[in-house]
Structure formats: C-alpha cells, structure tokens
Amino acid sequence: MRRKLAAGNWKMNVTAGALSELVELAKQVNPGDAETLICPPSPLLYLACEKLRGTAIAIGAQDCHAEPSGAFTGDISAPMVADTGATYVILGHSERRDLHAEKDADVAAKTRAAWGAGLTAIICIGESGADREADKTLDIIATQLQGSVPDAATGENTVIAYEPIWAIGTGKTPTLDQIIEVHDFIRARLIERFGQQTADAIRLLYGGSVKPDNAAEIFTAENVDGALVGGASLKAADFAPIIKALTQA
Ligand code: 13P
C-alpha cells in the first residue's frame, strides 16, 4: 500500500510571515491523514522545520545542487537541505527545466545527490502544450522518466510528479481520462524497468491547477497517489480540503 502524499510547492511566493499558514495547517492535519509536505523557499527551511517540530507536516526544498559542496555561489546542496531538518526535495520542476536549462541528466545527478544526503526526491516530469497537441505526451514522459530517474530508485527514496506544463498555474487541468492514461503509463514503465515490487511502491503525484473543487475527482484515479500543489497550497484554508479529499480517497 502506497501512503498518499499531499505536497505543497510554495515556489518564490512567500516570506517568513507565511509560516503562520503552516502553523494553521498543522492544526488541521492529523497523523492518520494523508502524508503532508510543504516545500517553502530555501531561506525558510530551518524556521519551517522548527515551527513544525512534533506535527504531522514534513518539509522539503524546491531544488538542490548535484555536488555536496564547492564554489557554486547561490546554490544549496543536498546535505544543506538535510541539515535544516527537511526530508524531501523537489527536482526537475518544469520551471527549473525551462528557466534554468536543467536537462534529464542534471535531474538524475541531483537525485543521486539528494539520496546521498538521505532525502526523498520528488522528480517532476511533464509535457508542454505543444507536445500534447502533437500527440507526443507519452514519448516525452518515457524519455524524461528514463533520463531523470536513476537506476537505484525505490519507494522510499523517490516520488514521481506528473505535471503537464500547460496545466501549471493556468487553471486548466487535463481530463480525468488524460490523467489516468499518463499515470497508468508511468506505472507500466516503472514496472518494466524496476520490477513489480519496487514500481508498486513508488508514489505518483499529479500536479497542475489542483484546487479544493477538483481534487476529489483527480484522486479517484488508481495510480494517482497524491498531488503536487502550487497556488492552492499557500493558504491553509485551500490546502486543508485537498489533504482531506486525499485522505478520504
Ligand atoms: P499550480 O498548482 O499553481 O498550478 O502549480 C503546480 C506546480 O507547479 C506545483 O509544483
């Protein structure tokens, strides 16, 4: 049985004042609920971990460097992330792939670095609108999966997030059938590559305009094990009902 995971990606949208939303969210999340994770900007990682100690909410980073240390001004390493108390890191988000030219091989290297520091990697993959229109979605997904997910992936060290780029921050979502098609495809590819037991343990999240009013339907898909949520994770009042819908799915 895969434990459901509701993950919030705060992107570059908050300062320390927003941690009050975390405290509020923590009041509404019980240990028996879906696993809940928030990924704040890196300057807030320590403080977020401190504020959430003893609660059911985990903290993750939004990126890390592939090297453990060195002359990389402005970057943060996986051991630094782990040192804050964070336990997850999002890698290969489409905004990193697009705006920072990260390639599949970079994402794989970062993933190995994350594992080396004891972090669980949330590896993001997803097609652009043009890819989907050209009927290339499954080809893109297969290529990204192969290139971004290293061979030593397990259910403990890896989560995969399917985020169609055209659905991120747009209010547009794929149809339930489209989500099911891609998630079933990812599961099948993982089974081919890692074998049934390992593949069955790897959680698959859907991301892209998940909101309180569409979450329950998305969570009916068998191979959707949770969500990676941007905008609707910023306020406890929006994220709590999504966590609840996932817990009840
Ligand atoms: P939105 O939920 O704001 O569409 O963002 C999705 C996302 O990019 C999460 O990583």
Side-chain angles (χ1 to χ4, degrees), residues 4-14 18 21-22 25 34-42 44-45 48 57-64 81 86-100 102 107 110-111 114 119-129 131-132 137 140-141 144 148-149 158-176 178-179 182-183 186 203-219 221 224-246:
K4 310 269 184 196
L5 173 62
N9 176 6
W10 279 5
K11 307 191 181 184
M12 201 180 74
N13 285 318
V14 297
E21 289 296 329
L22 268 188
L25 188 66
E35 186 178 355
T36 300
L37 167 71
I38 294 285
C39 299
S42 48
L44 298 180
L45 287 173
I57 302 180
I59 290 294
Q62 299 173 14
D63 181 42
C64 72
V81 171
T87 49
Y88 283 85
V89 59
I90 298 170
L91 295 172
H93 192 281
S94 62
E95 288 148 18
R96 303 281 326 167
R97 291 177 184 265
D98 184 23
L99 303 171
H100 297 265
E102 290 186 10
V107 179
K110 289 177 175 212
T111 300
L119 300 169
T120 298
I122 300 179
I123 301 173
C124 302
I125 56 177
E127 82 286 2
S128 67
D131 294 333
R132 178 156 286 273
T137 299
I140 298 282
I141 294 298
Q144 290 182 337
S148 304
V149 181
T158 300
V159 174
I160 293 170
Y162 168 56
E163 297 206 310
I165 299 167
W166 52 274
I168 295 175
T170 59
K172 292 185 207 158
T173 50
T175 65
L176 183 60
Q178 287 172 327
I179 293 174
V182 176
H183 280 246
I186 295 170
R203 292 176 290 180
L204 308 184
L205 310 184
Y206 167 78
S209 297
V210 176
K211 306 285 176 207
D213 62 1
N214 62 16
E217 188 194 7
I218 293 168
F219 297 149
V224 172
D225 304 307
L228 182 54
V229 183
S233 70
L234 291 168
K235 296 278 171 228
D238 294 327
F239 201 35
I242 294 174
I243 297 162
K244 193 159 179 218
L246 184 58

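If you read the sequence from its start, that first residue is 1, and numbering goes on from there. Atoms within a ligand are numbered from 1 in the order they appear, just like the ligands themselves.
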Original post:
Looking at CD of Glu163 and CD of Glu127, how far apart are the two atoms once the value is rounded to the nearest 0.5 Å?
Top reply: 11.0 Å

Just distances here: any N/O of [X] and N/O of ligand 1 closer than 3.5 Å?
X	value
Ser209	yes
Asn9	yes
Lys11	yes

**OP:** Report yes or no: do Gln144 and Tyr162 form a side-chain donor-acceptor pair below 3.5 Å?
**Re:** no

Original post:
Between Arg97 and Ser148, does any side-chain donor sit less than 3.5 Å from a side-chain acceptor?
Top reply: yes

Using a 3.5 Å distance criterion without hydrogens, assess whether the side chain of [X] forms a donor-acceptor pair with backbone atoms of [Y].
X	Y	value
Trp10	Ser233	yes
Thr36	Ala34	yes
Gln62	Lys11	yes
Lys110	Cys64	yes

Subject >> Proximity flag Ala167 to ligand 1, non-hydrogen atoms under 4.0 Å >> reply: yes

Original post:
At a 4.0 Å cut-off, with the gap strictly under it, does some heavy atom of Ala232 reach an atom of ligand 1?
Top reply: no

How far is [atom] from the closest protein heavy atom, and which atom is that?
atom	result
atom 2 (O) of ligand 1	Gly230 N, 2.8 Å
atom 3 (O) of ligand 1	Gly231 N, 2.9 Å
atom 9 (C) of ligand 1	Glu163 OE2, 2.9 Å

Original post:
Which atoms from ligand 1 have a heavy atom of Leu228 less than 4.0 Å away?
Top reply: 9 (C), 10 (O)

